[in-house]
Structure formats: C-alpha cells, structure tokens
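Okay, structure first, notes after.
Only heavy atoms go into these numbers, but all of them, side chains included; no hydrogens, no water, no symmetry mates.
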Amino acid sequence: MQIRTVEDLFYDGLKDIYYGENKIVAALPKMTAVAKAASLKGTFEKHLEQTRTHIQRLEQVFDALGKPAKGKTCPAIDAIIEEGEQIIAEYADSPALDLGLIAGAQAVEHYEIVKYKALKKLATSLGLTDAVDLFDATLQEEMQTDADLDAISDAAGGGKNKKR
C-alpha cells in the first residue's frame, strides 16, 4: 500500500475545489436567471465573476506545483448543487424561492470556506506562501459573499421568525 503524504492531501484538495468551482460557474447563471430580487441577481452575477477568478487562482497554484489543472469529482458539491436544483424546481412559483436560493448558495459558500481554510493550512505547512496568499484572497471573497447573502436574506424576511 502506498503511503500518502501531506502533499498528496493538498493536491487532492486542490483538485476537489477546482472541480467544485467549475460546477459553481455552471450553476450560478441558472440561479441568477430564476432569482426574483435584483439584489440577489446582482450578488450571483458578482460571485460568478469572482468564481472565474477563483479558478484562475487555482490554476496558478497548479502551475506552481508543475501539475495539470484538473478536477476530482466531489460528491459533496454535487449534492449541494443538486439540492439547489431541487429548490428551483419545487419553489419556482413561490415567494420563498429567493430564500431557498440563498440557503442553497450559502451551503456552497460554507463548503468553500471550509475547503479554502483547509487548503490554506496545508499550503502553510508545505511552505507554499504564494498559494497561501491566493487562498486567502479567495477565502475573503467567499466570506464576503456569505455575508452579502445573509444581508439579502435578512432584508427579505429570512432573519425573522415567519411561518409563511
């Protein structure tokens, strides 16, 4: 049995989040198209552009490692995106759609935040300072998007105790 290293773990995590970011680029236009609130549409559009930049940053890390930029199927992100698609299908004509979209988007953001924090720690342990900086820039954007989604949800009534 081959002994796996911290470098292997880092590379696997990098492939995982690369796959995820590419799936998110595919999902965000659908979410933007069905969102009702202009502020939510704007947040999704902004995050789509940021996500494209996140992919470019990941490709810089792959390049620095001398490895091809390729994804590794991530069942977790697939499931989160599938859940978002179910929300779109089930709440298409509902006033609750935007809150459902926000919940789904925040599930994605929280997943990404955890992954980028872990990659940043691994990169630090491996002495990959350029990667640490790239992950930190992305991490800050992911956390800001999460905060923006919180604000939209609160404004839409998602922060209040409403039954309907």
Side-chain angles (χ1 to χ4, degrees), residues 6 9-65 69 71-72 74-85 87-88 96-160:
V6 174
L9 183 64
F10 177 75
Y11 186 50
D12 281 346
L14 191 61
K15 292 187 294 186
D16 180 270
I17 197 68
Y18 186 72
Y19 173 88
E21 293 286 21
N22 279 287
K23 293 291 276 193
I24 293 161
V25 163
L28 277 168
K30 297 173 198 172
M31 295 170 70
T32 303
V34 299
K36 297 186 184 334
S39 59
L40 184 55
K41 285 182 180 284
T43 298
F44 286 158
E45 288 168 351
K46 177 182 175 186
H47 198 58
L48 176 59
E49 292 310 311
Q50 287 177 331
T51 303
R52 288 180 176 136
T53 300
H54 300 167
I55 290 169
Q56 291 172 347
R57 289 178 187 147
L58 291 170
E59 289 170 348
Q60 289 177 37
V61 176
F62 280 111
D63 286 345
L65 295 174
K72 172 184 176 184
C74 173
I77 202 69
D78 285 341
I80 293 169
I81 289 173
E82 181 181 327
E83 186 176 305
E85 290 170 353
I87 289 168
I88 291 170
L97 176 63
D98 279 0
L99 290 173
L101 290 171
I102 291 167
Q106 286 189 293
V108 169
E109 292 310 308
H110 294 181
Y111 177 79
E112 290 178 301
I113 288 166
V114 168
K115 293 302 281 191
Y116 280 110
K117 281 183 177 181
L119 283 169
K120 185 178 165 185
K121 287 179 184 181
L122 289 169
T124 299
S125 75
L126 293 170
L128 302 171
T129 54
D130 289 343
V132 170
D133 293 342
L134 292 168
F135 294 145
D136 190 57
T138 298
L139 185 57
Q140 297 309 311
E141 291 169 357
E142 299 291 7
M143 291 189 303
Q144 184 59 56
T145 298
D146 183 49
D148 293 345
L149 290 166
D150 263 343
I152 295 167
S153 177
D154 289 347
K160 298 177 185 166

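- Heavy-atom minimum distance, Ile80 versus Gly104: CG2-O, 4.1 Å.
- For Glu59 against Tyr18, the heavy-atom pair with the smallest separation is OE2-OH, 2.7 Å.
- Remark: side-chain polar atoms of Ser125 are paired, donor with acceptor, to backbone N or O of Leu122 under 3.5 angstrom.
- Around the NZ atom of Lys72, the shell of radius 6.0 Å holds no more than 12 heavy atoms that belong to other residues, nucleotides or ligands.
- Between the side chains of His54 and Glu112, not a single donor N or O lies within less than 3.5 Å of an accepting N or O.
- Rounding to the nearest 0.5 angstrom, the gap separating the CG atom in Leu101 from the NZ atom in Lys30 is 13.0 Å.
- Taken from CZ in Phe135 to NZ in Lys115, the straight-line distance is 11.0 Å, to the nearest 0.5 Å.
- Closest approach of Leu149 and Ile102 over heavy atoms only: O-CG2, 3.7 Å.
- Within a 6.0 Å sphere centred on CD of Glu85, heavy atoms belonging to other residues, nucleotides or ligands number more than 12.
- Using modelled atom types, one side-chain atom of Asp98 and one backbone atom of Ala37 make a donor-acceptor pair closer than 3.5 Å.
- At a threshold of 4.5 Å between non-hydrogen side-chain atoms, the residues Leu65 and Leu14 count as touching.
- Between atom CD1 of residue Ile55 and atom CG of residue Asn22 there is a gap of 4.0 Å, rounded to the nearest 0.5 Å.
- Here the shortest heavy-atom pairing between Phe44 and Ala105 reads CE2-CB, 3.8 Å.
- Nearest heavy atom pair, residue Phe10 against residue Ala123, reads CE1-CB, 3.8 Å.
- Between Ile77 atom CD1 and Glu82 atom CD the span is 12.5 Å, to the nearest 0.5 Å.
- Counting heavy-atom neighbours within 6.0 Å of Lys117 NZ, excluding the residue itself, gives a total of 12 or less.
- Residue Tyr111 comes nearest to Ala76 through the heavy atom pair CE1-CB, 3.7 Å, listed as atom of the first residue, atom of the second, then distance.
- Put simply, the side chain of Lys120 never gets that close to the backbone of Val132: no donor and acceptor are under 3.5 Å apart.
- Glu142 and His47 form a side-chain donor-acceptor contact under 3.5 Å, judged by distance and modelled atom types alone.
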Exercise. After noting the C-alpha distance and the side-chain angles of Thr32 and Leu48, does the key distance pass the side chain to side chain contact (heavy atoms under 4.5 Å, CB included) rule?
Worked result: CA-CA 9 Å; Thr32 303; Leu48 176 59; 6.0 Å; no
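- Between Thr145 and the options Lys46, Gln140, Gln50, a side chain to side chain donor-acceptor pair (under 3.5 Å) holds for only Gln50.
- The distance from the CD atom of Gln56 to the CZ atom of Arg52 is 10.0 Å, given to the nearest 0.5 Å.
- Looking at Arg57 and Glu141, a side-chain N of the basic residue comes within less than 4.0 Å of a carboxylate O on the acidic one, giving a salt bridge.
- In this structure, CG on Leu134 lies 10.0 Å from OH on Tyr116, to the nearest 0.5 angstrom.
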